[in-house]
Enquirer: 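The structure is given below, and queries will be raised subsequently.
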Amino acid sequence: MEKKKKSGFSGSLGFVLAAAGSAVGVGNIWRFPYLAARDGGGLFLLVYFALVLTFGFTLLTTDIAIGRKTGKNAWHSFSSINSKWSLLGKLTFLVTVIIMTYYLVIGGWILKYTVVYLIGNGNSAAEDGFFTNFITSEYSPIVLMLIFLSITAFVVFAGVEKGIEKFSKIVMPGLLIMVIGIAIYSLTLKYTDSNGVTRTGMQGLAIYLIPNFEGITFSKFLGILLDAMSQLFFSLSVSMGIMITYGSYVKKDIDLNKSIKQIEIFDTGVAFLSGVMIIPAIYVFSGIDGMSSGPSLMFVSMPKVFSSMGFVGNIMGVAFFVMVLFAALTSCVSIMETLVANIMNICHTSRKKATLGIGVISALSAIIICLGYNVFYFEYKLPNGIVGQLLDIMDYISNSLLMPLISLLTCIFVGWVIKPKWIAEEMNIGADKFHKEKLYIVMVKYIAPVIMSILFIQSTGLLNKLLDMIE
Ligand code: PFF
């Protein structure tokens, strides 16, 4: 029987850039800088960097090694190791299904702003109500979402090496150049407001970098730790089957230790530079108090900053939104690829049919999310205190509930059922040595499960109630 060649990355660079493409996304640009500004600047940075080197390394290593060792995507990898744990694979599939629905909608919004700046209409994007008017309009968000989905599907349809790898090799270096360029420009900014107060980009940088310990209590520090932790999951795209799928495309002669280090550096580097790009710019033109997180940072605060810059603002706006578009596309490609790879295996079907099927289902569900801002509008208070619509509910279920739960179960599975040696064996293939084996064992068996449990309890809102009772 003719054996079909398994698709995969051509080499280490292709893998690292594709994985970094998945990791670097809107999370780096709209969440990281905000958390850093809110959680004590340099203090948050220190905590985050420490977590990347410990938790980030552990979770990324686990996912990628499981993928390469089993050669299977998330749905089948866990069941192929131990049939009793097949539910874990299915849970990861569920997370990607949920994320896909709303990531597409956000992708459509980014595309809209990219077009607005490209046609030189940036000032209108800075007007009050522009963003709300746009997302609550009936057709435009749906049409842009569908275009964003078509680009994503086109790349996935072209396959792992010819689509995802090639696309990442073009887009990721471009993204890096743009982040560095805009960050440098941000540092040169200077503005005197109507009260005669002059603020500079370098002052904004100091706010970002210098640790602020003012008013730090134990529960505040715990809050910062948990913020950094949940940011880390989302940012590294771990615990959602994506890195398992990408790991299954990596050849055995590649040193995973090196690749993992490079992915971490890329992702953390872009997150850090996004802070250098955004915090000084917002500080100079609006003072840091006006900084918000999530969509309003990118779609409301940044356009106002660009409009205060005058003529250059439109050019910076184009560079900024093209960069965000690149980041969102490569992340969305990784989500769709994971879904397509799973469906190809489950239904024994071709890439073409799987991409088409997933494309249609994702389009329909994303349309429902778009309609969550008009036809299906309602307000719902989530356990973490956020009042949100359909998109926020999906985000809460996937990021706050399922991701910590999957991480917790994966660590228990690796630490106590199959044992860390199973992972260490894979990390030694194609490498001199798995240097951080001892750290990995302690993390995966003891530290990670405890912290993941706390994170999970926090997401349900119970932890804050407990802390309130203590204080
Ligand atoms: N890691 C991406 C970010 O930081 O924006 C987000 C992401 C990509 C989340 C892929 C989920 C995912 F499946």
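Atoms within a ligand are numbered from 1 in the order they appear, just like the ligands themselves. Atoms considered below: every heavy atom in the structure, side chains included; atoms not considered: hydrogens, waters and symmetry mates. Keep in mind that what you see is a predicted model, and the values were worked out from it rather than measured.
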Enquirer: Crowded around K258 NZ? As in, over 12 foreign heavy atoms under 6.0 Å?
Expert: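 For K258, atom NZ is not crowded (no more than 12 foreign heavy atoms under 6.0 Å).
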Enquirer: Non-hydrogen atoms closer than 4.0 Å to ligand 1: which protein residues do they belong to? List them by chain and number, please.
Expert: S22, A23, G25, V26, G27, N28, I99, Y103, F234, S235, S237, M240, I242, S331, S334, I335
Enquirer: Give a yes or no on whether the backbone of S10 and the side-chain of E165 come within a donor-acceptor separation of less than 3.5 Å.
Expert: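 Yes: the side chain of E165 pairs with the backbone of S10.
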Enquirer: Around I147, counting heavy atoms of other residues, nucleotides and ligands shown, do more than 12 lie under 6.0 Å from its CD1?
Expert: yes
Enquirer: Does atom NZ of K166 have more than 12 heavy-atom neighbours, drawn from other residues, nucleotides or ligands, at distances under 6.0 Å?
Expert: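 No, not enclosed.
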Enquirer: Under 4.0 Å between a Lys/Arg side-chain N and an Asp/Glu carboxylate O for R351 and E337?
Expert: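 E337 and R351: salt-bridged.
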Enquirer: So, does Y113 use its side chain to make a donor-acceptor pair with the main chain of A125 at under 3.5 Å?
Expert: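 Judged by distance alone, no pair lies under 3.5 Å.
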